[in-house]
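One is the number of the first residue; the rest follow in order along the sequence. Predicted model only: the values in this text are computed from it and were never measured.
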Amino acid sequence: MKQFEGIYPAIITPIDEDEEINEKALAQVIEKTIGQGVSGFYVSGSTGESFLLRDEQRVQLIKAVCAIVDGRCDVIANIGTFSTRASIKMANAAAECGVTAISAVPPFYFSYSKREIVQYYFDIAEASGMPVILYNIPKMSGVSFGTEELVELLAHDGIVGVKQTTMDLMQTEALVRTCRDKAVFNGHDEILLPALSVGVRASIGSTFSIMADVFVQLKKAFDAGDMERARYLQGKGNGMIRTLLEIGIFPAIKGVLKLQGIDCGNCIKPFQPLRPEDYQKLEKALVDLYGG
Ligand code: HMN
């Protein structure tokens with residue numbers, strides 16, 4: 001079974017003034033982060049504003065990322081949407097684009113039963129034949145998976161891993177220990193070091209688009225047993241994350257990319273453009289992170 005290891009930016013979706021995908025800026029973000037040593041990309045996720053994109057834009061995005069990456073690293077596409085049938089359609093389209101694996105946010109809004117959610121994942125895995133990575137993000141999806149439920153899902157041959165966007169490290173530790181042949185991804189960048197300490201080997205995160213180098217180095221330091229340096233780097237990254245969260249994580253990430261010379265536009269409305277005072281805070285956070 002494929003081993004996933006390393007840093008995976010949950011990539012933003014650059015857009016122009018008409019809210020259409022800007023593939024040139026997408027390529028710039030991908031090249032910058034590949035140069036910093038990432039292991040792959042998570043595309044069309046929350047950071048990618050997937051639920052604000054039209055279906056054909058999501059497919060365009062996945063196709064563009066696969067073409068730009070061109071086999072140099074992994075591409076994982078979140079294909080989750082509101083119905084099983086629509087998710088399978090998106091999964092098949094992603095497979096045709098050449099993704100390494102698919103991932104799916106649990107179906108939300110209608111408060112489905114656990115039985116319905118489990119079946120949703122089994123149906124996607126079986127119909128698409130693609131390796132599936134579960135997407136555990138209770139804060140945004142409103143779906144709270146219990147540990148036993150995740151273990152049951154991970155026992156399915158087609159389900160190869162889970163992305164843990166949760167602060168529940170006790171659950172993450174249990175999954176790493178119990179599901180040894182499956183990939184458990186950390187999903188909160190601000191706890192990468194604690195997640196590594198419970199045995200996690202890969203991390204998907206939105207802030208890696210702007211500072212992948214910090215987290216690539218952090219993991220290297222951890223692997224080399226240099227905890228002092230790993231803690232230092234986690235602290236550096238967290239300084240920036242604090243500012244991003246204060247401003248609004250997704251618009252703020254696009255703001256930092258603009259300051260770094262890659263104009264990815266604003267986030268799709270109803271997200272609002274950043275204000276001059278937001279840029280001032282981001283400029284300061286960048287100086288604190290990388291120096292002036
Ligand atoms: C995605 O689907 O885009 C991501 O994987 C989301 C990712 O897990 C981020 N989670 C949220 O934004 C809720 C984190 O990278 C997060 O932005 C970061 O840890 C700061 O809290």
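Looking at Q234, its side chain does come within 3.5 Å of a backbone N or O of L193 through a donor-acceptor pair. Remark: the backbone N or O of I268 is paired with a side-chain donor or acceptor of E49 at under 3.5 angstrom. Judged purely by atom type and a 3.5 angstrom limit, K163 has no side-chain atom pairing as donor or acceptor with the backbone of F185. Counting only distance, with no hydrogens or angles, the side chain of R231 and the backbone of E228 share no donor-acceptor pair below 3.5 Å.
A 4.5 Å side-chain heavy-atom check between Y290 and D213 finds at least one atom pair inside the cut-off. When side chains are defined from C-beta on, I210 counts as touching Q260, because their heavy atoms get closer than 4.5 Å. Side-chain contact between N238 and I241: present, with at least one pair of heavy atoms (C-beta onward) separated by less than 4.5 Å. With contacts defined as side-chain heavy-atom distances shorter than 4.5 Å, the pair K2/D74 qualifies. Counting heavy atoms from C-beta on, the side chains of R58 and T81 come closer than 4.5 Å. Two residues are said to be in side-chain contact when any heavy atoms from C-beta on lie closer than 4.5 Å; Q217 and K220 meet this criterion. No side-chain heavy atom of T207 sits less than 4.5 Å from a side-chain heavy atom of M240. At least one side-chain heavy atom of I68 sits less than 4.5 Å from a side-chain heavy atom of E31.
Within the structure, every pair that satisfies the side-chain hydrogen bond (donor to acceptor under 3.5 Å, both in side chains) test and touches residues 90-104, not counting sequence neighbours, is listed here: Y42-S103.
Applying the ring pair (Phe, Tyr, Trp, His ring centres under 6.0 Å) test to F122 and every residue at least two apart in sequence or in another chain returns H156. Listed by chain and number, the residues in a ring pair (Phe, Tyr, Trp, His ring centres under 6.0 Å) with F215 are F208 (sequence neighbours excluded).
Between K219 and E5, at least one side-chain N (NZ, or NE/NH1/NH2) sits under 4.0 Å from a carboxylate O, which counts as a salt bridge. The existence of a salt bridge linking D223 and R201 is confirmed by a sub-4.0 Å separation between a basic side-chain nitrogen and an acidic carboxylate oxygen. Ion pairing between K89 and D55 fails under the 4.0 Å rule for side-chain N and carboxylate O.
The closest side-chain donor-acceptor pair between Q57 and E19, if any, does not fall under 3.5 angstrom.
Rounding to the nearest 0.5 Å places CD1 of I21 at 12.0 Å from NZ of K63. To the nearest 0.5 Å, atoms OG (S206) and CD1 (I12) are separated by 10.5 Å. Taking CE from M211 and CG from L244, the interatomic distance works out to 6.0 Å, rounded to the nearest 0.5 Å. Interatomic distance, D168 CG to F145 CZ, rounded to the nearest 0.5 Å: 13.5 Å. Atom OG of S141 sits about 8.0 Å away from atom CD1 of I117, to the nearest 0.5 Å.
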(request) Verify side chain to side chain contact (heavy atoms under 4.5 Å, CB included) between L26 and I11, making sure each step is shown before the conclusion. (result) CA-CA 9 Å; L26 183 67; I11 196 161; 4.0 Å; yes
(request) Output, in order, the C-alpha distance, side-chain angles, deciding distance and verdict of side chain to side chain donor-acceptor pair (under 3.5 Å) for D123 and T84. (result) CA-CA 7 Å; D123 286 347; T84 301; 4.8 Å; no
(message) E23 vs Q60, test: side chain to side chain donor-acceptor pair (under 3.5 Å). Steps then yes/no.
(response) CA-CA 9 Å; E23 293 190 18; Q60 179 196 347; 2.9 Å; yes
(request) Might you work through the ring-ring contact (aromatic ring centres under 6.0 Å, His included) test for Y120 and Y112, ending with a clear yes or no? (result) CA-CA 10 Å; Y120 166 81; Y112 298 103; 8.1 Å; no
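Considering all non-hydrogen atoms of both residues, C264 and V29 come closest at SG-CG2, 3.9 Å. Residues G265 and K254 approach most closely at O-CD, 3.5 Å, considering heavy atoms. A pairwise comparison of heavy atoms in T33 and S209 identifies CG2-O, 3.8 Å as the closest pair. Considering every non-hydrogen atom in both P107 and V143, the closest pair reads O-CG2, 3.8 Å. Across all their heavy atoms, I133 and A101 have their closest contact at CD1-CB, 4.0 Å. Of all non-hydrogen atoms in C73 and S39, the two that sit nearest each other are CB-O, 3.2 Å.
Hydrophobic clustering places Y109 together with M140 (ILVMFWY residues linked when any side-chain heavy atoms are closer than 4.5 Å, directly or through intermediates). A chain of hydrophobic side-chain contacts below 4.5 Å, direct or via other Ile, Leu, Val, Met, Phe, Trp or Tyr residues, connects F110 to V105.
At most 12 heavy atoms of other shown residues, nucleotides or ligands fall within 6.0 angstrom of atom CD in E148. Heavy-atom neighbours of D181 CG from other residues, nucleotides or ligands within 6.0 Å: above the threshold of 12.
Put simply, the residue from I137, N186, N136 that forms a side chain to side chain contact (heavy atoms under 4.5 Å, CB included) with T166 is N136.
Note: F108 and F51 have perpendicular aromatic rings, judged against thresholds of 30 and 60 degrees for the angle between ring planes.
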